[in-house]
Number of protein chains: 2
Amino acid sequence: MGISIKDIARALNISPSTVSRALNGAYGVKKETREQILEMAREKGYVPHLGAKELVNKRSNLIGLIIPETDFEVRPAFFETFPSLIKTLRMYGKETIMISLPPDRYEPGELPRICKARKLEGVVVLPGFLENHPVLRDVLDMKLAAVVLEESTQGRHCSNLGTDEVDGACRAVRHLIQSGHRRIGFVNGPRDLVYICKLRYEGYLKALQEAGIPFDARCVIDSDFTGRGGARSVLTLIERNPGMTAVFFANDLMAMGAIHALQEQGMRVPDQLSVMGYDGLFVGAYFTPPLTTVQIDHARIGISAAEMLMELMNGQTGRSRVVKPELVIRESVKILPSFDN
Amino acid sequence: MGISIKDIARALNISPSTVSRALNGAYGVKKETREQILEMAREKGYVPHLGAKELVNKRSNLIGLIIPETDFEVRPAFFETFPSLIKTLRMYGKETIMISLPPDRYEPGELPRICKARKLEGVVVLPGFLENHPVLRDVLDMKLAAVVLEESTQGRHCSNLGTDEVDGACRAVRHLIQSGHRRIGFVNGPRDLVYICKLRYEGYLKALQEAGIPFDARCVIDSDFTGRGGARSVLTLIERNPGMTAVFFANDLMAMGAIHALQEQGMRVPDQLSVMGYDGLFVGAYFTPPLTTVQIDHARIGISAAEMLMELMNGQTGRSRVVKPELVIRESVKILPSFDN
DNA sequence: CTGTTAGCGCCTTCAA
DNA sequence: TTGAAGGCGCTAACAG
């Protein structure tokens with residue numbers, strides 16, 4: 001099929017090893033010969049067979065990108081880390097192979113088998129597998145360099161990278177408080193299923209506490225991260241809490257669904273109810289009102305994930321890292337006049 | 001490192017070739033021996049080295065997924081084909097490797113080199129490379145099975161798969177006409193850069209023609225697929241066309257940006273201006289008003305792309321296929337009373 | 001500086 | 001039914 005090292009050796013009447021040396025390390029080959037070889041390689045369009053190299057070098061330069069086969073609507077921001085992640089890995093000479101795994105129906109041992117078969121050098125696990133999910137456990141057991149996004153999984157060969165969810169949520173709610181809101185609702189995601197929901201909840205509590213606002217369980221409701229869920233939940237919340245002036249949603253999608261539902265009921269946002277999102281979906285900017293939210297820098301996360309993986313592959317020990325999200329103030333939160341500072 | 005075929009041969013005091021046979025073709029091995037081998041393989045956790053297999057079998061089972069390194073906002077729906085595409089390929093025993101290429105700064109020959117080096121069996125090219133882009137030309141030259149999404153590139157080994165853009169746009173505009181609109185604006189994408197823009201334009205013209213509505217160039221404007229662009233463009237269009245009652249946008253993002261801008265100007269949608277989108281982003285459902293749009297079934301496209309690639313790999317000739325998009329009627333288009341049918 | 005030899009893990013003749 | 005030998009494309013160790 002393709003041109004091999006032998007072909008060009010034969011053409012030049014030299015040995016394959018010399019060709020190999022010229023093409024790689026370069027040292028220990030007469031300049032003249034090397035140039036001939038390089039020339040001939042170019043001429044014949046030689047491309048090294050990476051698979052064969054791997055066989056002898058024991059380095060595949062392959063990184064697995066593990067993505068959960070889940071309903072897309074749940075995490076639309078999900079794929080935004082891809083471009084920067086892949087690009088950064090490529091800068092390190094690593095290529096990315098996709099491994100799509102069904103969170104339900106996952107057979108333990110499947111992932112390790114794939115990794116062994118392809119001799120992957122590391123994996124990046126995208127969010128979608130819950131704490132202690134068999135996939136995560138296999139990742140830990142494999143003793144293969146791994147970076148887990150958003151979950152707290154960590155080990156000798158496993159780092160995790162997330163946003164500072166507690167801080168993000170806390171700042172969101174703090175912003176509401178600073179805008180004069182005291183009775184603040186919280187529509188969370190599925191707290192028992194998704195790790196970050198716990199953290200966002202923590203942030204909510206923390207901000208209230210700081211401000212000396214007593215916690216009221218009636219202000220909090222667990223939902224499902226969908227627009228419809230957000231709509232349903234906000235309506236429930238309003239009914240339960242007549243004095244509530246603002247609601248913090250654990251993601252933008254729910255916030256958007258809620259705003260829509262409220263407007264359908266003839267309520268004005270933010271005049272009658274302020275809404276705070278979380279995620280920073282860019283479509284939020286085109287909402288009416290434009291959604292105030294907490295923005296996650298996905299491109300940055302992709303880069304960091306790649307870098308952390310390289311660290312691990314260089315023998316460093318697994319660690320934890322969080323990037324701080326950013327508060328994006330748009331127009332869905334009203335500043336209550338009495339607190340106008 | 002890992003367990004090899006030899007290890008299990010030695011443990012059983014038989015030859016590696018027998019083990020190989022037992023593990024693969026299975027024929028020509030005594031049932032008893034085979035069972036011993038299988039048992040031992042399981043016990044030792046044997047996993048075949050795919051790279052080594054490839055070396056002898058000449059089949060890598062690797063498919064390249066070519067994605068353009070572009071600004072994310074431009075095509076948010078972009079990644080929605082991923083899950084189904086990867087999953088389907090996996091069902092065919094193929095794994096997916098990501099190849100991210102910069103549309104500008106692309107060096108011709110780069111892609112073929114990557115494909116050769118990894119011995120890829122085929123590629124799927126995601127949208128983002130314009131007609132006749134060097135990447136597309138290389139794809140054609142490689143004579144490797146390839147499925148190109150959205151562009152019309154085709155060849156002996158190259159199929160293309162898109163949605164029926166003309167039909168989609170035509171149906172969108174037809175819906176506006178049936179709702180009683182006559183003077184209908186069109187905010188297109190960058191027509192000179194993105195192939196589908198031409199098709200959507202065609203559909204727009206076709207629908208007008210069908211209805212006997214004369215074309216007016218002042219009703220059409222090329223924009224850039226962003227929310228801000230849509231906002232700017234709709235304002236221009238309104239100024240130029242006082243009698244205009246509806247606008248068709250070549251993507252949802254622009255439609256959303258436009259709706260937002262209109263509402264900021266105090267205009268009501270759809271009462272004063274009807275808006276039609278294109279893409280079917282699910283967040284559109286949470287807009288106020290919920291966006292009427294043309295929906296593309298990305299999951300279906302992923303599946304079809306995989307299947308078309310397999311066809312090509314089985315020796316069939318490149319072909320063209322379009323899937324029909326679906327009109328999703330929500331509330332951003334007003335039915336004008338006079339035409340109430 | 002260069003060629004020879006051996007082997008990575010696997011499969012496929014060809015013989016036994 | 002099984003084993004031995006050879007080779008896929010490449011590199012590393014050892015001679016020369």
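In what follows, chains are A, B, ... by sequence order, proteins preceding strands, each numbered from 1.
Look at CZ on A:Arg59: it is 15 Å from C1' on D:dC10, rounded to the nearest Å. Rounded to whole angstrom, the span from the NZ atom of A:Lys44 across to the P atom of D:dG9 amounts to 14 Å. Whole-Å rounding puts the B:Tyr46 OH to C:dC11 C1' distance at 11 Å. To the nearest angstrom, P of D:dG9 lies 11 Å from CD of B:Glu54. In this structure, the CG atom of B:Asn24 is 7 Å from the P atom of C:dT12, given to the nearest Å. Atom NZ in B:Lys53 sits roughly 10 Å away from atom C1' in C:dG9 (whole-Å rounding). With rounding to whole Å, B:Ile3 atom CD1 is found 16 Å from C:dC8 atom C1'. At whole-Å resolution of the value, NZ in A:Lys6 and C1' in C:dG3 are 15 Å apart.
Side-chain proximity of A:Ser15 to the nucleotides C:dT4, D:dC10, C:dC1 is greatest for C:dT4. When distances run from any side-chain atom of A:Ile5 to the nucleotides C:dG9, C:dT2, D:dT11, the shortest one goes to D:dT11. The listed nucleotides are C:dT12, C:dG3, C:dC1; the one nearest the side chain of A:Arg21 is C:dG3. If you check C:dT12, D:dC10, C:dG9 against the side chain of A:Val56, the one that comes closest is D:dC10.
Phosphate contact (OP1/OP2 of C:dC8, side-chain N/O of A:Lys119, threshold under 4.0 Å): absent. The side chain of B:Thr33 contributes an N or O atom lying less than 4.0 Å from OP1 or OP2 of D:dT2. Contact annotation: A:Thr18 side-chain N/O to C:dG3 OP1/OP2 distance is under 4.0 Å. Taking only side-chain nitrogens and oxygens, A:Lys31 never comes nearer than 4.0 Å to OP1 or OP2 of C:dC1. Note on B:Ser4: every side-chain N or O is 4.0 Å or more away from OP1 and OP2 of C:dG9.
A distance of 3.5 Å separates OG of B:Ser100 from CD of B:Glu69, quoted to the nearest 0.5 Å. To the nearest 0.5 angstrom, B:Leu144 atom CG is 11.5 Å from B:Asp138 atom CG. Considering CD of B:Glu121 and CE of B:Met310, their distance stands at 8.0 Å, rounded to 0.5 Å.
Note on A:Glu110 versus A:Arg113: no salt bridge recorded, every NZ/NE/NH1/NH2 to OD/OE distance being 4.0 Å or above.
For B:Phe129 and B:Tyr106, the ring centers sit 6.0 Å or farther from each other.
In this structure, B:Ala52 and B:Asn13 both approach DNA chain D, and ranking their closest nucleotides by distance from the 5' end singles out B:Asn13. Each of B:Leu55 and B:Lys30 was assigned the nucleotide of DNA chain D with the nearest heavy atom; the assignment lying further toward the 5' end belongs to B:Lys30.
When heavy atoms are screened at a 4.0 angstrom cut-off, B:Pro48 is found touching the sugar-phosphate backbone but no base atom. At the heavy-atom level, B:Ser17 lies under 4.0 Å from base atoms of the strands shown.
In terms of modelled atom types and a separation under 3.5 Å, the side chain of A:Lys44 and the main chain of A:Ala41 share no donor-acceptor contact.
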